[in-house]
Asker: 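Below you will find the structure I want to go over with you.
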Amino acid sequence: MYQTYHGDHPGYNIGAKGLTGEAYRGLAFWDTESYCLPFYLFNNPKAARSLLEFRYKTLPQALQRGKDVDCAGAFYPIATIDGTESCDLWQHSNLQLHVGTAVSYGIWHYVNNTGDREFLYSKGAEMLIQISRFYASRGQWGQRSGEYGYFGVMGPDEFQLMVNNNCYINLMAQKLFEYTLETVALMKAEAPEEYAAVIADTALREEELADWDHKRTHMKIPFDPGSGIYEEHDGFFDMPHLDIHSIPVSEFPLYANWSYDRLYRYDMIKQPDVLMFLFLYNGQFSREAKLANYEYYEPRCIHESSLSPSIHSILASELGKPEEAYRFFEFATRLDLDNYNRNTREGLHTTSIAAAWMNIVYGFGGMRSDGDCLSFRPVLPKQWTAYSFQVMCRGVLLGITVNAESVCFRAVNGGSVEVLIYDQRVTVDEAGIELPLAEGMLA
């Protein structure tokens, strides 16, 4: 990851194979904001900002792409190297709307953990406004439900084509509207000059803000209150079920052996969809909600995407499923080493490597970065005697060491910062703090 991207040249992005191969033609995907950005955010914040500046630099192309699909605002491409849409499959380039919400999440995630209001006011706010315009123009109102949503789409799970109200897209669009409205209000109150500039640059109207708030509060979020399970999209619960373990190994990867229309017939999923937003906004969902949805969707996922096993491992670790967590961790970290997908010759899965880093830090380290400060709930896999990692937190480099008896946090290069460890708010400085390993994965 360090070799792939330094962030010294703002406005560059990361190809899916990094510098290791020519597959995907050097194109960047939504993986950048969802999987790569956290690594740089907590190891090289300058590089994290640089990745987001790529999206600002290519905002004009996203605005043109919005016009091309008969919408307003910015429609960011599913695959790009220069800001233009480079995917030649219409079902991906036109239906996968979640790139814009990944960009907006990336802005929120970066600002929330760095406090870089200057970036938010000078670049982020303009992107948020234009992305919100796209989502406000791309959605429609259901004629029976009376709720707002997105019709004819494809979510992160690429085995479900032309669906209505993909839960991930709808929920992430709702969060986008919320963050845009919060940002505009914050700028109006605290940065009047920057507020006036962004209003002038975007010609933002008060009625647009009211419209986004109305659509946010009336967004359809498919959910079954009886089971506590979020329905991946309208009608997903009624789709024919397929036992994924009945598929012969010789038929994998399915993309190379099954016709598209055969892939799209079942409740089989390619990669986390509902589970993805449960990870991104982890703190806003109860343990019960995460457990119910994990147990429903995990048996239906074939992990045809290299991005899939790490998210499952992180949630399995949180939910007290140590064997599953470690099995998925091995899958994620040895994907290219053992050539699981029989395609390592094409280059390494760079964003999967970033996800493997998340697997250790967010999974076993129990870090969460969607609250008002970093929080940690470290566990220790029974296969290990100890592990350690470092994260940059508000300019302070934290060193974390976990062994069978304790967890130790220390500000490596001085300074101090507040974090949560096992729900206890503590200040970590150069002297460090040591706590018992409160809960673990030891046999």
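The first residue of the sequence shown is numbered 1, and numbering continues consecutively from there.
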Asker: Taking all non-hydrogen atoms of both residues into account, name the closest pair between Gln390 and Asn43 and its distance.
Answerer: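 Nearest heavy atoms, Gln390 then Asn43: O-OD1, 3.9 Å.
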Asker: Who are the salt bridge (Lys or Arg N to Asp or Glu O under 4.0 Å) partners of Asp213, not counting sequence neighbours?
Answerer: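 Partners of Asp213 by the salt bridge (Lys or Arg N to Asp or Glu O under 4.0 Å) criterion, ordered by chain and then number, come out as Arg216.
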Asker: First locate atom CE of Met187, then atom CD of Glu182, and finally report the distance between them rounded to the nearest 0.5 Å.
Answerer: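 Rounded to the nearest 0.5 Å, the CE-CD separation comes out at 14.0 Å.
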Asker: Is the closest side-chain heavy-atom distance between Ile400 and Val407 below 4.5 Å?
Answerer: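 Sidechains of Val407 and Ile400: no contact.
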Asker: Stepwise, does the ring pair (Phe, Tyr, Trp, His ring centres under 6.0 Å) test hold for Phe331 with Phe328?
Answerer: CA-CA 5 Å; Phe331 183 1; Phe328 282 128; 7.2 Å; no
Asker: Return yes if a side-chain donor-acceptor contact under 3.5 Å exists between Asn44 and Arg49, otherwise no.
Answerer: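 The criterion, which ignores hydrogens and geometry beyond distance, is not satisfied for Arg49 and Asn44.
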Asker: Test ring pair (Phe, Tyr, Trp, His ring centres under 6.0 Å) on Trp384 and Phe329; report intermediate values, then the result.
Answerer: CA-CA 13 Å; Trp384 297 353; Phe329 167 73; 5.6 Å; yes
Asker: Just so I know, are the side chains of Leu307 and Thr351 near enough to count as touching, which here means a heavy-atom distance under 4.5 Å?
Answerer: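 Yes, close enough: below the 4.5 Å cut-off.
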Asker: Test ring pair (Phe, Tyr, Trp, His ring centres under 6.0 Å) on Trp357 and Tyr35 and set out the steps.
Answerer: CA-CA 9 Å; Trp357 174 86; Tyr35 290 85; over 10 Å; no
Asker: Does a salt bridge link Arg368 with Glu318, judged by any charged N lying under 4.0 Å from a carboxylate O?
Answerer: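 Yes.
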Asker: Determine, for Arg410 against Asp429, whether the closest basic-nitrogen to carboxylate-oxygen distance falls under 4.0 angstrom.
Answerer: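 Not counted as a salt bridge, because no side-chain N and carboxylate O are separated by less than 4.0 Å.
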Asker: Has the side chain of Tyr387 got a donor or acceptor atom that lies under 3.5 Å from a matching backbone atom of Phe364?
Answerer: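 Side chain of Tyr387 to backbone of Phe364: a pair is present.
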Asker: Restricting to non-hydrogen atoms, name the atom on Ala386 and the atom on Asn403 that form the minimum distance, rounded to 0.1 Å.
Answerer: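 Distance-wise, the nearest heavy atoms are CB-CB, 4.0 Å.
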Asker: My understanding is that only residues two or more places apart in sequence, or in another chain, count here; which of them pass ring-ring contact (aromatic ring centres under 6.0 Å, His included) with Phe409?
Answerer: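 If we apply the ring-ring contact (aromatic ring centres under 6.0 Å, His included) test to Phe409, skipping adjacent residues, the hits are Phe376.
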Asker: Using 4.0 Å as the upper bound for N to carboxylate O, is an ion pair formed by Glu53 and Lys46?
Answerer: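 Result for this pair is no, no salt bridge flagged.
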Asker: Using the rule side-chain hydrogen bond (donor to acceptor under 3.5 Å, both in side chains), only one of Thr84, Thr58, Thr80, Asn94 pairs with Arg65; which is it?
Answerer: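 Checked Thr84, Thr58, Thr80, Asn94 against Arg65; only one passes side-chain hydrogen bond (donor to acceptor under 3.5 Å, both in side chains): Asn94.
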Asker: Checking Gln130 against Leu63 for the side chain to side chain contact (heavy atoms under 4.5 Å, CB included) test, could you report, in this order, the C-alpha distance in whole Å, the side-chain angles of both residues, the deciding distance, and whether it holds?
Answerer: CA-CA 8 Å; Gln130 297 293 8; Leu63 290 168; 3.6 Å; yes
Asker: Without hydrogens or angle criteria, can the side chains of Gln160 and His233 be said to hold a donor-acceptor pair below 3.5 Å?
Answerer: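 There is such a pair (donor and acceptor under 3.5 Å, judged by atom type) between the side chains of Gln160 and His233.
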Asker: Can you measure from CD1 (Ile421) to CD1 (Ile433) and round to the nearest 0.5 angstrom?
Answerer: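 Between atom CD1 of Ile421 and atom CD1 of Ile433 there are 5.5 Å.
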Asker: Do Lys188 and Glu194 pass the salt bridge (Lys or Arg N to Asp or Glu O under 4.0 Å) test, and can you show the C-alpha distance, the side-chain angles, and the key distance before you say yes or no?
Answerer: CA-CA 8 Å; Lys188 187 175 183 179; Glu194 292 88 344; over 6 Å; no
Asker: Quick check for you: to the nearest 0.5 Å, what is the distance between Glu418 atom CD and Cys393 atom SG?
Answerer: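 These two atoms lie 10.0 Å from each other.
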Asker: Return yes if some donor-acceptor pair links the side-chain N/O of Tyr105 with the main-chain N/O of Leu280 below 3.5 Å, else return no.
Answerer: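 Yes, because the side chain of Tyr105 sits within donor-acceptor range (under 3.5 Å) of the backbone of Leu280.
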Asker: Please lay out, stage by stage, how Ser317 and Ile314 fare under the test side chain to side chain contact (heavy atoms under 4.5 Å, CB included).
Answerer: CA-CA 5 Å; Ser317 181; Ile314 291 167; 5.9 Å; no
Asker: Between NZ of Lys321 and NE2 of His312, what distance do you get to the nearest 0.5 Å?
Answerer: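 Here the rounded value is 11.5 Å.
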Asker: Less than 4.5 Å apart, any side-chain heavy atom of Asn359 and any of Thr333?
Answerer: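 No, every pair of side-chain atoms sits at 4.5 Å or beyond.
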Asker: Assess the residue pair Tyr40 and Tyr5 against the criterion (ring pair (Phe, Tyr, Trp, His ring centres under 6.0 Å)); give the C-alpha distance rounded to whole Å, side-chain angles, the decisive distance to 0.1 Å, and a yes or no.
Answerer: CA-CA 9 Å; Tyr40 295 107; Tyr5 194 79; 5.6 Å; yes
Asker: Let me confirm one number: the CZ-CD1 distance from Arg25 to Ile81, rounded to the nearest 0.5 Å.
Answerer: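 These two atoms lie 9.0 Å from each other.
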Asker: Is there side-chain contact between Glu126 and Leu59, with heavy atoms separated by less than 4.5 Å?
Answerer: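 In contact.
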Asker: For the side chain of Arg138 and the backbone of Leu97, is there at least one donor-acceptor N/O pair under 3.5 Å apart?
Answerer: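 No: the side chain of Arg138 does not pair with the backbone of Leu97.
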Asker: For Met358, run the side chain to side chain contact (heavy atoms under 4.5 Å, CB included) check against Ser34, Ser310, Pro38 and tell me which one passes.
Answerer: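 By the side chain to side chain contact (heavy atoms under 4.5 Å, CB included) criterion, Met358 pairs with just one of Ser34, Ser310, Pro38: Pro38.
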Asker: Tell me every residue that passes side chain to side chain contact (heavy atoms under 4.5 Å, CB included) with Ile221, counting only those two or more places apart in sequence or in another chain.
Answerer: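 Applying side chain to side chain contact (heavy atoms under 4.5 Å, CB included) to Ile221 gives Cys167, Asn170, Leu171, Gln174, Met219, Tyr230.
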Asker: So Asn166 and Asp273, do their side chains get closer than 4.5 Å, heavy atoms only?
Answerer: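 Yes - at least one pair of side-chain heavy atoms lies under 4.5 Å apart.
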Asker: Between Arg117 and Glu190, is the closest basic N to carboxylate O distance under 4.0 Å?
Answerer: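 A salt bridge is present here (some side-chain N lies under 4.0 Å from a carboxylate O).
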Asker: For a side chain to side chain contact (heavy atoms under 4.5 Å, CB included) check, start with the C-alpha distance between Val198 and Tyr121, then their side-chain angles and the critical distance, and finish with the verdict.
Answerer: CA-CA 8 Å; Val198 79; Tyr121 296 163; over 6 Å; no
Asker: Please confirm whether Lys215 makes a cation-pi placement over Phe177, using NZ or CZ under 6.0 Å from the six-membered ring centre and within 45° of the ring normal.
Answerer: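 Checked: cation-pi criterion not met.
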Asker: Can you name the residues that form a ring-ring contact (aromatic ring centres under 6.0 Å, His included) with Phe389, not counting sequence neighbours?
Answerer: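 Checked Phe389 against ring-ring contact (aromatic ring centres under 6.0 Å, His included); zero matches.
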Asker: Below 4.0 angstrom, N of the basic side chain to O of the carboxylate: do Arg55 and Glu33 qualify?
Answerer: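 Judged by the 4.0 Å cut-off on N to carboxylate O distance, Arg55 and Glu33 do form a salt bridge.
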Asker: Are Arg205 and Glu208 close enough for a salt bridge, meaning some N to O gap below 4.0 Å?
Answerer: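 Looking at Glu208 together with Arg205, the answer is yes, because their closest N to O distance falls below 4.0 Å.
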Asker: Mind checking salt bridge (Lys or Arg N to Asp or Glu O under 4.0 Å) for Asp70 and listing every partner two or more places apart, or none if nothing turns up?
Answerer: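 Here no residue qualifies.
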Asker: Check the pair Glu232 / Tyr168 against side chain to side chain contact (heavy atoms under 4.5 Å, CB included), numbers first and verdict last.
Answerer: CA-CA 7 Å; Glu232 185 175 302; Tyr168 178 92; over 6 Å; no
Asker: Is it true that, when you exclude Tyr24 itself, more than 12 heavy atoms of the residues, nucleotides or ligands shown sit nearer than 6.0 Å to its OH?
Answerer: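 No, the 6.0 Å shell around OH holds no more than 12 heavy atoms from other groups.
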Asker: Is a side-chain donor or acceptor of Ser388 paired with a backbone partner of Thr401 at a separation under 3.5 angstrom?
Answerer: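 Not a single qualifying donor-acceptor pair exists.
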Asker: Tell me, please, whether Tyr296 has Arg300 positioned over its six-membered ring: NZ or CZ under 6.0 Å from the ring centre and within 45 degrees of its axis?
Answerer: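 Yes, a cation-pi geometry.
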Asker: Return yes when atom CD of Glu207 has more than 12 non-hydrogen atoms of other residues, nucleotides or ligands closer than 6.0 Å, and no otherwise.
Answerer: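 Yes, CD of Glu207 has more than 12 neighbouring heavy atoms, counting only those of other groups under 6.0 Å.
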Asker: Would you confirm whether Asp234, through its side chain, and Val163, through its main-chain N or O, come within 3.5 Å as a donor-acceptor pair?
Answerer: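 The answer is no, because no donor-acceptor pair under 3.5 Å joins these two groups.
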Asker: What do you reckon, is OH of Tyr12 surrounded by more than 12 foreign heavy atoms closer than 6.0 Å?
Answerer: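 Counting other residues, nucleotides and ligands, OH of Tyr12 stays at 12 neighbours or fewer.
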Asker: Are the side chain of Ser352 and the backbone N or O of Ser306 linked by a donor-acceptor pair below 3.5 Å?
Answerer: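 Answer holds: yes.
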Asker: Name the atoms and distances for all side-chain donor-acceptor pairs under 3.5 Å in residues 149-159, with sequence neighbours left out.
Answerer:
residue, atom, partner, partner atom, Å
Tyr150, OH, Tyr135, O, 2.7
Asp157, OD1, Phe159, N, 3.1
Asp157, OD1, Lys270, N, 2.8
Glu158, OE1, Lys270, NZ, 2.4
Glu158, OE2, Gln96, NE2, 3.3

Asker: Taking the side chain from Asp370 and the backbone from Asn282, do they hold a donor-acceptor pair closer than 3.5 Å?
Answerer: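 Checked: pair present.
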